[in-house]
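To keep things clear, I will list the structure first and then write my remarks on it.
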Amino acid sequence: MAHAYTPGLKVTENQIVRKRRVLPLQGELVVEKGQHVKPDTIVARTFLPGKVTIVNVANKLGVDQSEVPSTMLKKEGDPVKEGEIIALSKSFFGLFKSEAESPMDGTLESVSGVTGQVVVRGEPEPVQVAAYLEGEVIEVLPGEGVIVETAGAFIQGIFGIGGETFGSIAMVTDSPRDILGPDRVKPEHQGKIIAGGNLVTFDALKKAIKLGVKGVVVGGFDDKDLREFLGYDLGVAITGHEDLGITLIVTEGFGQINMAPGTFNLLKTYEGYQASINGATQIRAGVIRPEVIIPNLSAKKAVKPTAHILGMKKDSPIRVIRAPYFGMLGKVISLPPELRRLESETRARVVEVELENGKRCVLPRANVELIEE
Amino acid sequence: MKANPDDIKVILATDCGSTTTKAILIEKKGDEYRQTFRGEAPTTVEAPFEDVTMGVLNSVSEVGELANRRLVTEDGQIIRPSTETEGCDIYISTSSAGGGLQMMVAGVVRSMTAESAERAALGAGAIVMDVIALNDKRLPHERIERIRNLRPDMILIAGETDGAKTDKVIKITETIGAADPKPRLGASYRLPVIYAGNKSRREEVSEILAGKTDLSIVENLRPTLEMEVLLPAREKIHDLFLEHVMQQAPGYGKLLQWVDADIMPTPGAVGLILKRVSERLGINAVGVDIGGATTDVFSVFSGEFNRTVSANLGMSYSISNVFAEAGLPNIMRWVPFHMDERDLRNRVKNKMIRPTTIPQSMEELIFEQAIAKEALRLAFIQHKSFATRLKGVQQQRTIADSFDQDAGAQTIVQMLELDLLVGSGGVLSHAPRMEQTALMLIDGFHPEGITILAKDSIFMMPHLGVLTQVHPKAATEVFEKDCLIYLGTCIAPIGNTKLGKHCLDFEIDLPDGHTEKGSLNAGDMRLLPLDVGELAKVRLNPSRSFDLGKGRGVSLEATVQGGKAGVIFDCRGRPLEISEDPAVRVPLLKRWMTELNVYPTEALEG
């Protein structure tokens with residue numbers, strides 16, 4: 001193969017990001033075009049009719065079905081509270097009383113003198129969608145939702161689990177080469193997104209959940225731990241719907257892999273900033289990658305994302321993306337044009353590289369990726 | 001495109017796989033057509049390109065560089081017609097860039113109709129992303145959100161028995177209609193939805209979905225409570241995937257405008273060429289194309305053609321699913337050394353997230369080929385369950401049978417009657433040693449009796465398949481001269497006995513006049529060199545525990561064909577059982593791999 005492409009993961013400091021935020025059902029918008037929104041600002045909402053519960057009043061009161069309307073203390077359309085008495089019967093000159101209570105907060109919807117039953121409908125259930133990002137509403141989609149735009153740092157991970165969340169960034173490793181173990185997760189990280197390191201351990205992840213950490217952004221994660229974490233073997237990488245109490249974003253791959261310096265430094269620059277993250281991943285044609293968005297509205301001249309193609313050339317910084325030097329950084333020394341025989345006896349286009357430890361080696365071009373400078 | 005086929009001198013063909021795009025050049029040399037150059041590049045369905053034509057241009061440019069022929073203009077147009085130094089006369093393409101099949105299924109009751117729908121989808125090789133049911137404890141908007149977020153490739157709706165008077169299946173259908181599901185690869189087609197519920201509700205379902213989706217209606221999966229009819233839905237899923245989902249990719253619309261003939265789904269094209277070969281030679285054949293996301297199996301037995309696409313078995317995007325479905329022990333039974341589970345799991349997942357990487361070390365190659373064997377085995381199991389004598393006839397099963405994924409009918413794939421087994425796809429076509437391809441085919445398919453093994457030389461069967469549609473002469477000539485590489489013949493007696501006990505005596509008259517004789521025991525493998533184009537007479541005398549097709553212990557004379565590997569005796573027995581005990585298995589694997597010259601001896605130590 002003449003070319004080697006990375007999966008095209010974006011790590012940029014200043015980019016315009018737009019998100020479409022729509023309701024699953026038709027509803028009303030609660031923000032306007034041009035309005036500044038925070039991640040938790042509700043932008044659109046609708047209400048679903050509340051759940052219905054039937055109360056058999058005739059049975060409860062021990063009266064005939066036809067007598068039920070006359071026992072009612074509430075009429076159709078009245079609001080009711082949970083535990084509130086809605087029907088009452090008296091017998092033996094008022095000595096004995098029987099009562100029927102509302103099973104929930106809501107409205108008394110109907111009273112039947114035929115069945116002796118009363119229908120109570122619970123409070124309408126709100127369905128709402130939040131902005132997810134801090135930014136500006138740049139377009140309204142009537143009855144559906146809005147488009148929110150922000151400018152700031154944008155980092156795509158390679159794999160993630162868990163859905164949308166937000167919190168301020170806290171770096172928990174000193175370098176991209178440290179393990180993110182349980183000792184690095186502390187109570188003060190509650191509600192935050194912790195970042196850094198080359199591997200998050202299973203124990204660290206469990207501790208983070210326990211302490212209420214909202215997200216983890218890390219270089220690598222072991223598949224064996226992923227299996228234990230999810231409770232099943234992930235066959236096809238379609239994620240984002242897991243409800244595990246945390247969102248995990250892996251920036252480099254599976255195993256212990258140093259976070260790319262560019263990613264680490266960018267996160268470090270924005271330590272303390274509010275970030276919105278989403279672990280949803282779909283690795284198939286029409287790919288979806290997990291993301292970290294750090295709005296920085298004071299930044300100047302944010303650029304719209306563009307696809308640009310970098311060719312590999314002498315001195316290009318690269319990273320090895322397959323064993324035996326998986327995860328190591330280096331630079332291109334030469335690009336021999338002819339096919340070469342690898343240790344596996346496969347014949348392939350190769351690249352000669354000098355690794356970060358000074359070692360020179362020849363690798364298949366397909367097994368290295370360019371690092372954007 | 002030139003009207004007269006004889007005027008066509010240069011043909012350019014591409015196959016857009018899920019992971020790699022392969023381009024070949026076919027040129028008229030004198031009176032005959034020959035495949036001359038080949039190039040490949042990663043398929044560009046991911047960011048930053050998200051346009052399959054980028055990969056096409058890259059692979060075509062590589063062909064152009066090698067052929068010293070300019071094929072693409074500065075502004076990225078394929079040059080037509082050909083001159084002495086540039087362009088081609090026709091450009092054709094196949095595609096399977098869309099990858100695997102991920103479905104959502106819906107039913108009224110989770111443990112009844114929804115479960116039947118799930119079984120039908122699983123039986124068709126789909127990954128079931130979610131099961132929606134009226135009693136799934138979710139609110140309607142939650143179901144709608146889920147459908148939109150997951151972006152399924154297809155939705156199967158079941159619900160109610162025939163003639164039921166409730167409106168529950170309509171409620172489920174309305175939820176799907178409200179979600180207004182869109183296909184993951186853009187607006188060039190509508191999302192396929194299959195309705196396999198209460199037949200008296202078909203009209204209403206059509207009213208709700210026909211305008212929004214590509215709706216198909218098949219037999220009710222549960223016509224009565226006690227009966228489950230999976231086959232019609234399963235076959236419809238398979239057909240729709242092949243025709244409408246698999247070939248789609250970002251930029252597909254653009255590619256459509258470039259080609260001189262309709263783009264064919266890759267399995268359609270490979271199936272065509274295999275069918276043709278089988279008809280021309282009058283033989284029973286099985287072919288396989290193992291790709292990054294899917295594995296396609298084709299068979300022709302007694303003239304009857306069958307094709308299956310295992311939508312989530314493959315060597316890159318789907319490799320993790322092979323691992324999950326086969327399980328670690330099944331993969332490790334083909335690896336002749338210990339590997340750490342944690343490390344292995346990470347390697348598999350990393351291949352999935354970076355699908356274009358290739359094995360650099362011998363250890364990586366051995367492990368990848370072990371996974372390929374399991375992908376082939378699982379895909380072939382699925383093929384056998386589809387290729388049944390009762391194909392098209394409604395299969396009915398009682399609920400007591402429901403846990404069995406098998407469709408129930410007898411497969412027409414009879415390994416003893418198989419003459420030719422052909423392998424295609426990256427891991428088979430590009431294996432560094434011919435013996436590796438031969439062993440992957442044997443370990444994946446377990447051929448019985450006497451079977452010729454062959455491979456697609458440089459992975460061009462899809463290209464030739466589509467070429468048969470526009471230039472049959474060129475397709476046939478190239479297939480015969482450049483495509484098929486014979487690996488040799490596998491001789492595998494059926495039966496089992498204790499390891500080391502006598503299995504088979506043989507005599508083989510080699511072309512140099514010399515007769516080689518030998519005796520093999522259970523658990524032995526032997527490779528005898530016999531070159532491409534050479535034939536040899538063999539006399540085989542199995543022991544009483546083994547059968548070569550004539551009965552237990554009955555001798556057989558046959559003519560075997562040579563190939564790049566030779567004649568392979570496989571006396572490991574059928575059904576093939578590999579010991580789970582590493583102390584037994586590992587020495588045997590090493591012995592077999594050494595005897596067949598599959599890997600360098602030093603690599604077998606791990």
Side-chain angles (χ1 to χ4, degrees), chain A residues 1-10 23-25 46 48 125 127 156 158-159 220 222-224 226-227 232-238 240-241 253-255 280 282-289 305-309 321-324 326 341-348 363-364 366-367 369, chain B residues 18 20 39-42 44-49 58 62 97-100 102 127 129 139 141 144-146 148-151 178-179 184-185 248-250 293 312 317-318 320-321 323-325 341-343 345-350 352-354 356-362 364-365 430 432-433:
Chain A
M1 245 180 262
H3 309 271
Y5 297 112
T6 70
L9 302 183
K10 278 264 162 220
L23 287 165
L25 305 165
T46 187
L48 289 179
E125 291 181 33
V127 177
Q156 276 183 321
I158 197 152
F159 176 82
D222 266 337
D223 180 51
K224 205 161 184 244
L226 178 67
R227 184 176 188 232
Y232 56 88
D233 238 332
L234 188 73
V236 174
I238 296 174
H241 52 278
F254 288 89
Q282 295 193 1
I283 300 175
R284 50 182 185 162
V287 70
I288 292 175
R289 295 284 181 191
T306 50
H308 58 284
I309 304 157
I321 53 173
R322 184 146 180 175
F326 187 48
R341 193 166 178 261
L342 310 174
E343 187 213 309
S344 62
E345 300 181 347
T346 309
R347 289 173 63 79
L363 305 170
N367 291 3
E369 66 182 11
Chain B
S18 63
T20 314
E40 67 179 47
T44 42
V45 290
E46 293 195 27
F49 311 103
N58 289 335
E62 185 163 304
Q102 287 97 37
I127 293 283
M129 305 166 96
L139 292 168
H141 74 279
I144 289 169
E145 206 155 67
R146 195 94 169 96
R148 287 182 182 171
N149 289 342
L150 285 179
R151 304 185 304 164
R184 71 181 142 111
L185 297 171
Q248 296 285 339
N312 292 289
Y317 285 101
S318 303
S320 180
N321 195 51
F323 194 86
E325 290 217 353
E341 184 186 342
R342 189 170 282 270
D343 179 42
R345 287 181 160 276
N346 289 337
R347 287 186 198 209
V348 169
K349 284 284 188 301
N350 282 322
M352 174 184 74
I353 57 178
R354 290 189 165 94
T356 57
T357 59
I358 58 175
Q360 181 179 359
S361 67
M362 192 54 79
E364 288 253 302
L365 182 82
H430 298 326
R433 295 188 184 191

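To find a chain, count down the sequence lines: A is the first, B the second, and so on, and within it residues start at 1.
In terms of non-hydrogen atom pairs under 4.5 Å with chain B, the most contact-rich of A/Leu342, A/Leu234, A/Asp222, A/Leu363 is A/Asp222. In terms of heavy-atom pairs under 4.5 angstrom with chain A, the leader among B/Arg148, B/Met362, B/Arg146 is B/Met362. Annotation: maximal heavy-atom pairing with chain A below 4.5 Å, among B/Pro359, B/Gly99, B/Ser18, occurs at B/Pro359. When B/Arg342, B/Met129, B/Met352 are compared by the number of non-hydrogen pairs under 4.5 Å with chain A, B/Arg342 comes out ahead. Ranked by non-hydrogen atom pairs under 4.5 Å with chain A, the options B/Asp343, B/Leu150, B/Ile127 are led by B/Leu150. Taking A/Glu125, A/Gln282, A/Glu343, A/Arg322 one by one and counting their heavy-atom pairs under 4.5 Å with chain B, the maximum is reached by A/Arg322.
Neither the backbone nor the side chain of B/Ser318 comes within contact range of chain A, judged by heavy atoms closer than 4.5 Å. Looking at A/Phe326, the atoms closer than 4.5 Å to chain B (heavy atoms on both sides) all sit in the side chain, from C-beta outward. Contacts between A/Arg347 and chain B at a heavy-atom distance below 4.5 Å are absent for every atom of the residue. Looking at A/Leu226, only its side chain comes within 4.5 Å of chain B, counting heavy atoms on both sides. Only the side chain of B/Leu139 comes within less than 4.5 Å of a heavy atom in chain A; its backbone stays farther off. Only the backbone of B/Asn149 comes within less than 4.5 Å of a heavy atom in chain A; its side chain stays farther off.
The two residues B/Gly39 and B/Glu62 come nearest to each other via the heavy atoms CA-OE2, 3.8 Å.
Applying the side-chain hydrogen bond (donor to acceptor under 3.5 Å, both in side chains) criterion to B/Ser320, with sequence neighbours excluded, gives B/Lys349. For B/Arg345, the side-chain hydrogen bond (donor to acceptor under 3.5 Å, both in side chains) criterion is met by A/Asp223, A/Asp233, B/Glu341, not counting sequence neighbours.
The distance from the CD atom of B/Glu325 to the CG atom of B/Asn312 is 7.5 Å, given to the nearest 0.5 Å.
In this structure, B/Gln360 and A/Pro324 have side chains that are in contact, with non-hydrogen atoms separated by less than 4.5 Å. B/Arg354 is listed as a side-chain neighbour of A/Ile158, based on a closest heavy-atom distance under 4.5 Å. Counting heavy atoms from C-beta outward, B/His430 and B/Ile358 have side chains that stay 4.5 Å or more apart.
Side chain of B/Asn58 to main chain of B/Ala41: no donor-acceptor pair is present (N/O by atom type, distance under 3.5 Å, no hydrogens or angles).
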